[in-house]
Amino acid sequence: MLRTHTCGELRETHVGQEVTICGWIDTYRDQGGVLFLDLRDRYGKTQVVFSTNNDPALLELSKTLRQEWVIQVVGKVTARPEGTKNPKLPTGDIEVRTSKLTLLNKSVTPPFTPGQRDLPGEDLRLKYRYLDLRRQEMQQTLILRHRIVKEMRDYFDEHNFLEVETPMLGRSTPEGARDYLVPSRVHPGKFYALPQSPQLYKQILMMAGYDRYVQVARCFRDEDLRADRQPEFTQLDLEMSFVTADDVMGIIEGLVARVAKKTLGIDVPLPLPRMTYDEAMERYGHDAPDRRFDLEIVDATDLAAKCDFRVFRAAAEAGERVRGLNAKGAAEKYSRKTIDEITEWVKHDFGCKGMAWFKVEAGGTLASPIAKQFSAEQLAEFATRFKAEPGDFIVFIADKFEVTCKALYGLRKKFGVELNLYDPKAMNFSWIIEFPMFAWDEESKTWAAMHHPFTAPRPQDIEMLSTDPGKARAVAYDLVINGSEAGGGTIRIHDQETQSKVFGLLGIDEATARERFGFLLDALQFGAPPHGGIALGIDRWIMLFGGLDNIRDCIAFPKTQKAADMMTEAPGTVDLKQLRELSIKLNQ
RNA sequence: GGGGACGUAGCUCAAUUGGUUAGAGUACCGGACUGUCGAUCCGGUGGUUGCGGGUUCGAGCCCCGUCGUCCUCGCCA
């Protein structure tokens, strides 16, 4: 070892010892006759001192050192003189008086330094990721990530789970997200696909009798990115045999409580609250509601049906919904101009025809440009329904149910942030259960699996698969943390008959099913046990437990919004020779 | 694919709403300083205003295109 100690561990108890430490020069303070520098490594910072009293030649040498150079220092740990201790540093009571200095490596002048006050732009951070990762915040996040993943592995090990690796090179299935494809050299014209999740493999493992499987699994989806979405991400994937949904949720709840306790020191009361999908859509307009604050959607379709305002009445009569939100005390915050901007936003982003709104005046009456189109009694009814109080700001969306959900979900989120409706440090965990089996896809005019095609319907809904597929509910459960989908799973179909029926509804004929999932259908015939599981989005867990608002900050080497790596400049071009070997010809 | 924001010194930002030689802090280079810790003080180097067109007497600022980063809708079984 080139060092006896790290830069984070020396304390007053080490005073008098001769130590050797290595690290990067964080900052230096040249005072002429004495020079201080903070030596930094992963573990912390330690002040190193050079002075004329000590060794004038060494002091001269130290004056040539610059930021981010890597040095080795041999010296004696000494207590800092009274009045010069630095309470901001854990090592601030001591310093190292240097007797030997070795320059291990120089650095060119870096574009930014880990300690600088203003964070550089994200593109620069990503290009020089090795400098960015030297920052304490990034280190803390990666350490948190390590701790959470280790906690998960320990937990599942204690609960008798086996970690089994599944292939990265699989076959493409057109369902779901777009695949990342890998051309096969040996099979010209054929392609592997990187896994979107290890779904089928883990089900096969259940059929193979490995009744508790877990894996920290990398997954790939070639879809457009978001603040919380990367093209490659990591799931804590698990599957269990001979279990009910309650069993799977119970295991996960134990994990949630343990991780929350160990990382944030908070006690999560169990069991976690559960809400059905339908209820979540009614109350919050979304299947992953942020329940750190109330502000629930209020339905007023019945009042709309009998009111004089044509827009409302027409919507209600057309079978649409008229729903709204009461942003308590927000009337003054939103000016006419701002409201117009919000209206444009909901029209553009969610396809609403418009947004009606009222401000509640001192006397409790509803004021709005459209108020005169209602009778006083009607206004009073709406006011009562929304529990209107002076100063409140009430917005309405009259549209198809799905549109009201999207718009009101968006508005609720906006109000939550802008009106400070929640403590940003609060953590809220809940389950959303009983998702629909299918969603109608307007484009292809077919039913599409809401989760995936192997999801088991509730036993009492099996009949509905044939009669009313849209009403059938799945044995499915999503873990929601602070309005973010932090995990999702289902009990799977384990008999071939139900599986065939579901494939049929999804427009997958028998031949196609055989071609794509033949191995699964075969396996189902060889004694498949009842089984189910869940996958947790590890990157999102790190975001949530780390209080971060960006998934890139949770990943050592993330990709930009256009799925590029700014450091390696992937994706890149390849030689014609490589393409020829793969029997691939480009279109230009 | 659609909408929006941003792009000025190595870095973080400013530049009177189109007007003289594009500024500041920091970094970097040189100098001073024996207890600093965001050290301080003095001096200095540093600019294709992302790129390409256009409008104008005159463009960092206006217009068109393009590239990049971010946010967002679609998309993400």
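The stretch residues 27-64 of chain A participates, sequence neighbours left out, in no ring pair (Phe, Tyr, Trp, His ring centres under 6.0 Å) pair at all. For residues 32-49 of chain A, the set of pairs meeting the salt bridge (charged side-chain N to carboxylate O under 4.0 Å, His left out) definition, not counting sequence neighbours, comprises A/Arg3-A/Asp41, A/Asp26-A/Arg40, A/Asp26-A/Lys45, A/Arg29-A/Asp38, A/Arg40-A/Glu68. Applying the salt bridge (charged side-chain N to carboxylate O under 4.0 Å, His left out) test to every pair with at least one member in residues 400-416 of chain A, sequence neighbours left out, gives these pairs: A/Lys414-A/Glu418. Within the structure, every pair that satisfies the salt bridge (charged side-chain N to carboxylate O under 4.0 Å, His left out) test and touches residues 484-497 of chain A, not counting sequence neighbours, is listed here: A/Glu239-A/Arg492.
Between A/Leu225 atom CG and B/C73 atom C1' the separation is 15 Å, expressed in whole Å. Following rounding to the nearest Å, A/Asp123 (CG) and B/G10 (P) show an atom-to-atom distance of 15 Å. Atom CG in A/Asp441 sits roughly 13 Å away from atom C1' in B/G74 (whole-Å rounding). If you take CG of A/Leu124 and C1' of B/U12, they are 11 Å apart, rounded to a whole angstrom. In this structure, the CG atom of A/Asp228 is 12 Å from the C1' atom of B/C71, given to the nearest Å. If you measure from atom CG of A/Asp38 to atom C1' of B/A39, you get 11 Å, rounded to the nearest angstrom. Counting to the nearest Å, the C1' atom of B/C37 and the CZ atom of A/Arg40 are 15 Å from each other.
Taking every heavy atom of residues 196-203 of chain A and every atom of RNA chain B, pairs under 4.0 Å involve A/Ser197, A/Gln199, by number.
A salt bridge is absent between A/Glu223 and A/Arg221; no separation between the charged side-chain nitrogens and carboxylate oxygens falls under 4.0 Å.
Stacking annotation: A/Phe112 is not stacked on the base of B/C11 (requires ring centroids less than 5.5 angstrom apart and an interplanar angle below 30 degrees).
Each of A/Phe350 and A/Met566 has a nearest nucleotide on RNA chain B; the 5'-most of these lies closest to A/Met566. If A/Pro120 and A/Glu95 are placed on RNA chain B by their nearest nucleotide, the residue sitting closer to the 5' end is A/Pro120.
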- Task: Quick one, give me the B/S/- string for nucleotides 27-32 of chain B, reading 5' to 3', where B means a protein heavy atom under 4.0 Å from the base and S means that only happens at the primed atoms, P, OP1 or OP2.
- Result: SSSS--
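As rounded to the nearest Å, B/G60 and B/G54 have P atoms that lie 15 Å from one another.
Under the 4.5 Å side-chain criterion, counting only non-hydrogen atoms from C-beta, A/Arg473 is in contact with A/Asp278.
Every residue two or more places apart in sequence or in another chain was checked for a ring-ring contact (aromatic ring centres under 6.0 Å, His included) with A/Tyr201, and none qualifies. The ring-ring contact (aromatic ring centres under 6.0 Å, His included) check on A/Tyr213 picks up nothing, with sequence neighbours excluded.
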Got a list of side-chain donor-acceptor pairs under 3.5 Å for residues 83-90 of chain A, not counting sequence neighbours?
from, atom 1, to, atom 2, distance (Å)
A/Thr84, OG1, A/Pro81, O, 2.7
A/Lys85, NZ, A/Glu12, OE2, 3.1
A/Asn86, OD1, A/Lys88, N, 2.9

Can you give the donor-acceptor pairs under 3.5 Å from side chains of residues 503-510 of chain A to other protein atoms, not counting sequence neighbours?
from, atom 1, to, atom 2, distance (Å)
A/Asp509, OD1, A/Ala511, N, 3.1
A/Asp509, OD1, A/Thr512, N, 2.7
A/Asp509, OD1, A/Thr512, OG1, 2.7
A/Asp509, OD2, A/Thr512, OG1, 3.3

Listing, residues 342-352 of chain A side-chain donor-acceptor contacts under 3.5 Å, not counting sequence neighbours, or none:
from, atom 1, to, atom 2, distance (Å)
A/Thr343, OG1, A/Ile339, O, 2.7
A/Trp345, NE1, A/Asp349, OD2, 3.2

Which pairs, protein N/O on one side and nucleotides 2-9 of chain B N/O on the other, fall under 3.5 Å?
from, atom 1, to, atom 2, distance (Å)
B/G3, O4', A/His348, NE2, 3.3

